[in-house]
Amino acid sequence: MELEAPVVEADPARSRGGDEGMLQTALLPCPNCDVQVVHKLAQLLLPGLAAACVDSTLRNPSSSLAVQLRAELVRYITDRSNSPPELPTETGDDPLPDHDDPAEALATFLDDFASSKRSIVVSISGWLPYLGGDDGRDDRIDDLVQEMEATRFWPIDRRQAVARDLLRSLDAVSGGGAGSKFRCRDELETEEKLADHVANRCRFRPVRCRNLVQGCTAEVSACRAEEHDAACAFKLLPCEQGCGASVARRQMDRHCVTACPMKLANCPFYLLGCESAFPACNLGSHCARGVNG
C-alpha cells in the first residue's frame, strides 16, 4: 500500500478591500492550528478509512480499493465540513453536526462515510460473523490499521494536512466561532511579517514541552503550553510527603511508597504490641525511645 496520498489543497489566501476604488491588498493567512487537536484528528483518520474499507467488502480490502476510498474520504470530509448547518450536502448526508468539538465532528463524518459504503451483505455478516469467514469487524479494522501504519500507506503528515484543512473549514462555516479556538485567524501583509508571526508571535505556534530535559518530547501550541505543563508526566515536583526531593509526576506514587524517607513505617515490634506508625526516617529515634523508656 505504499502509494502517494491525494494532494490536499490549502485554503487560498483571502483578500480584504480598502476604500472604494482602491486596489485590494492580498493578505497572507497564518497556517498555524492547535497542534494537539490536529494530531488527534489525524489519529482518527486511519481507523476511519480502515472501517470504510472493511465495510465495503467481505474480502480483505485491496490496495486499489484503499487508494480509491482514501481519495473519496478526503472529498467527503471537505464537502461535509464546508456545508453550513442549515444546508444539505452534495452527498445527501446531514450537514455539519451542531457541536464545538472538531474530533466529534470528524468522528461523525467518518461513521457516516463508512455507513455509506456498507452493503447489505456486509451488514448481515456483521451480525453473523461466521458468514463469509468474517473474524469480526473490529478485529479486521484493527488489523488493517496496523498494516497501513506499517506500510506508511497514509503518513501522519498527510493526515495532519487534512486535519488542518478541516479546522479551517469548520472555522469558516462557524463564522469564526468555535473553530477559531483551534486555529489562528490572523492575516499578514508580507511574507516577512507572516514568517515572524508564525515562528514567534502566533499563539498557536508549535513549541516544545518545557520538560524536554526530563524526557518529554511533546509538541504543543504556545497557548496550550501551561495546560500541558500542569499535567505533564515528566514535570519535576516537590515530594508530596515533604522529604525535599524533586520527583517526576509520573514517578511520584512509586517514590512515596518506596524510596521516600518520609513514607510511613510500622514499628518492628508491631507483633509485640507497638502499633506506632511514623516516617521511615524516624525509625531509629522511635526504637531508641522505646528502649530508653
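Counting heavy atoms from C-beta outward, L41 and L167 have side chains that approach closer than 4.5 Å. The shortest distance between side-chain heavy atoms of S56 and L65 falls below 4.5 Å. Within the 4.5 Å cutoff, the side chain of W154 has heavy atoms near those of the L49 side chain. M148 is not listed as a side-chain neighbour of V145, based on a closest heavy-atom distance of 4.5 Å or more. Here the side chains of L166 and F109 are in contact, with some heavy-atom distance below 4.5 Å. Side-chain contact check for I77 versus L106: some heavy-atom pair is nearer than 4.5 Å. Considering only heavy atoms from C-beta on, D165 stays 4.5 Å or farther from T78 through its side chain. Side chains of N211 and L236 form no contact here, defined as non-hydrogen atoms less than 4.5 Å apart.
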Exercise. Yes or no on side-chain contact (heavy atoms from CB on, under 4.5 Å) for Q36 and R224, after CA distance, side-chain angles and deciding distance?
Worked result: CA-CA 9 Å; Q36 290 174 295; R224 311 292 186 200; 3.7 Å; yes
Exercise. Hey, mind stepping through V220 and H228 against side-chain contact (heavy atoms from CB on, under 4.5 Å) and telling me if it holds?
Worked result: CA-CA 8 Å; V220 299; H228 170 80; 4.0 Å; yes
Problem set entry | Worked check of salt bridge (Lys or Arg N to Asp or Glu O under 4.0 Å) between R205 and E219 | CA-CA 10 Å; R205 68 187 185 279; E219 186 178 69; over 6 Å; no
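Looking at residues two or more places apart in sequence or on another chain, you find no ring pair (Phe, Tyr, Trp, His ring centres under 6.0 Å) involving F234. Every residue two or more places apart in sequence or in another chain that forms a salt bridge (charged side-chain N to carboxylate O under 4.0 Å, His left out) with R201 is listed here: D196.
The shortest non-hydrogen separation linking A222 to C202 is CB-O, 4.3 Å. Between R168 and P31 the shortest heavy-atom distance is NH1-O, 3.7 Å. Pairing each heavy atom of A163 with each of A42, the nearest pair is CB-N, 4.2 Å. Heavy-atom minimum distance, R164 versus C33: CG-SG, 3.9 Å. The shortest non-hydrogen separation linking A225 to V207 is CB-CG2, 4.4 Å. In plain terms, the two heavy atoms of P29 and E187 that are nearest each other are CA-CG, 4.0 Å.
Comment: D34 does not engage R183 in a salt bridge, judged by the lack of any side-chain N to carboxylate O separation of less than 4.0 angstrom. Under a 4.0 Å N-O distance rule, the pair R210/E226 qualifies as a salt bridge. We find that K181 and D171 are not joined by a salt bridge, their nearest charged nitrogen and carboxylate oxygen being 4.0 Å or further apart.
Distance alone, capped at 3.5 Å, is enough to place a donor-acceptor pair between the Q241 side chain and the C256 backbone. A donor-acceptor contact shorter than 3.5 Å is absent between the side chain of K117 and the backbone of A52.
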Contacts table for residues 242-255: side-chain donor-acceptor under 3.5 angstrom, sequence neighbours left out:
residue, atom, partner, partner atom, Å
R249, NH1, C232, O, 2.5
R249, NH2, A230, O, 3.0

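R118 CZ to D55 CG: the interatomic distance, rounded to the nearest 0.5 Å, is 4.0 Å. Within the model, atoms CG of D112 and CZ of R80 stand 4.5 Å from one another, a figure rounded to the nearest 0.5 Å. With rounding to the nearest 0.5 angstrom, the NZ atom of K193 is 12.5 Å from the CD atom of E191. The SG atom of C223 lies 10.0 Å from the CZ atom of F182; values are rounded to the nearest 0.5 Å. Taking CG from N60 and CD from E147, the interatomic distance works out to 8.0 Å, rounded to the nearest 0.5 Å. Separation of atoms CZ (R158) and CG (L45) is listed at 13.5 Å; rounding is to 0.5 Å.
One hydrophobic cluster, built from ILVMFWY side chains closer than 4.5 Å, cannot hold both V162 and V35; they sit in different ones. Linking Ile, Leu, Val, Met, Phe, Trp and Tyr whenever their side-chain heavy atoms come within less than 4.5 Å puts V54 and L44 in one cluster. Under the 4.5 Å side-chain heavy-atom criterion for Ile, Leu, Val, Met, Phe, Trp and Tyr, V67 and L110 are members of the same hydrophobic cluster. A continuous path of ILVMFWY side-chain contacts below 4.5 Å connects L46 to L73, so both sit in one hydrophobic cluster.
Taking the ring centre of F153 as origin, the terminal cationic atom of R70 falls inside the region bounded by 6.0 Å and 45° from the ring axis.
Within 6.0 Å of atom NE2 in H197, more than 12 heavy atoms from other residues, nucleotides or ligands are found, so the atom counts as buried in its surroundings. Counted within 6.0 Å of CG on D142, heavy atoms from surrounding residues, nucleotides or ligands total more than 12; the atom is thus considered enclosed.
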